[in-house]
Amino acid sequence: MALDIFQRIHVSLDEKRQNVTEFLETASEVEKDVCLCDDTYCVEDHFHVIDESLEKIENDTLGICEICHGVVDATLLEMDYTAHVCLDHYSEGERRRLESELELSQIVQRALLPQRMPMISGVEIAAFSRPAEIIGGDYFDFFKFRDGAEGLVIADVSGHGVSAGMLMSSLQTAIQTMAPYADSPAEILERINRFYIHNINFTTFVTVFLARFDPITLTLTYVNAGHNPPAVYRSESNDVRWLMPTAPAIGLAEIFLPRTESVILSKGDSLLLYTDGVTEVFNTSNEQFGQDRLAELFLQSTHLTAPNLLQAVLQQSSAFGDNKSLADDLTMVALKISA
Ligand SMILES: [Zn+2]
């Protein structure tokens with residue numbers, strides 16, 4: 001059994017290295033800037049940890065306890081392949097924290113995916129999601145924080161198909177499980193990054209925009225972990241601003257220090273969240289639909305209801321791409337503050 005887990009860690013680390021290398025080689029500079037949040041060293045750090053672990057597997061030292069020199073528990077390695085101290089040597093508090101992470105991983109695997117739209121007075125909400133394949137790697141969800149504040153999230157896992165879809169559902173459940181005990185987006189994402197970065201089943205990375213919305217003050221507090229910047233329409237100035245990344249994508253950075261930002265919305269303002277399936281649509285001249293066209297369309301559509309806004313974006317973006325079949329998953333969420 002011990003051999004089996006080290007083989008699996010080896011395969012998984014090779015796969016992760018390959019996926020991230022492929023991303024670095026093929027992604028455009030803009031995409032790289034967004035996903036890495038201007039911090040290219042974070043990937044080098046992570047590669048360093050991966051290579052060090054692969055080397056340890058080669059010379060049979062991975063998972064060897066630094067204190068008693070036995071092999072640390074397989075369940076612990078499953079959760080974090082860099083674990084190097086047996087659970088027995090941890091303090092009571094450290095052990096409790098680890099146990100809650102382990103319980104969480106079980107809940108994540110077992111739980112079903114929730115599907116619901118929140119009812120927030122004075123706010124109109126619409127969402128749309130269409131996978132490119134039967135199972136998609138995109139996801140959006142609504143949830144509540146500890147104090148009852150509304151939470152919303154949109155995310156995009158690099159890659160498509162069944163494995164991307166499974167990863168997405170595990171992330172969705174992790175967020176649903178953590179949110180009722182959390183106060184801020186940063187707290188949830190820090191924990192998720194810590195949980196997934198050394199998890200041997202997590203071979204890729206995920207871009208996530210996670211926000212907390214207070215319907216009384218209309219304040220949106222968010223962390224953008226390498227996700228396409230959501231667009232905010234301000235009715236007073238009649239312009240669109242972008243909520244730029246404030247952290248690298250989940251699963252890329254060893255040291256994850258998310259910056260929390262907030263924006264206070266007013267009556268008549270709206271927010272549009274989307275995945276790259278919306279903007280990365282190419283026309284016959286190989287031009288991209290892109291953020292500028294999206295902003296222009298958003299500005300022209302401020303009189304529309306939230307569901308109609310999403311319809312308009314969907315229509316224009318597919319018309320731009322000559323209605324070709326979907327290359328990527330496509331997901332959008334619109335929030336409109338009633339005037
Ligand atoms: Zn030990």
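Computed from a predicted model, the values in this text were never measured in an experiment. When a ligand or atom number is given, it counts from 1 through the structure's own listing order. Scope of the values below: all heavy atoms of this structure, side chains included, with no hydrogens, waters or symmetry mates.
Figure legend: cation-pi geometry between Arg212 and Phe145, with NZ or CZ positioned under 6.0 Å from the six-membered ring centre and within 45° of its axis.
Between the side chains of Thr279 and Asp276, not a single donor N or O lies within less than 3.5 Å of an accepting N or O.
Residues satisfying the ring-ring contact (aromatic ring centres under 6.0 Å, His included) test with Phe289, not counting sequence neighbours, are Phe320. For Asn286, the side-chain contact (heavy atoms from CB on, under 4.5 Å) partners are Phe282, not counting sequence neighbours.
In this structure, Phe23 has its ring center closer than 6.0 angstrom to the ring center of Phe205.
As a member of the Ile/Leu/Val/Met/Phe/Trp/Tyr network built from side-chain separations under 4.5 Å, Ile255 groups with Leu257.
Around the Zn ion (ligand 1), the protein atoms of type N, O or S that sit closer than 2.8 Å are Cys65 SG, Cys68 SG, Cys86 SG, His89 NE2.
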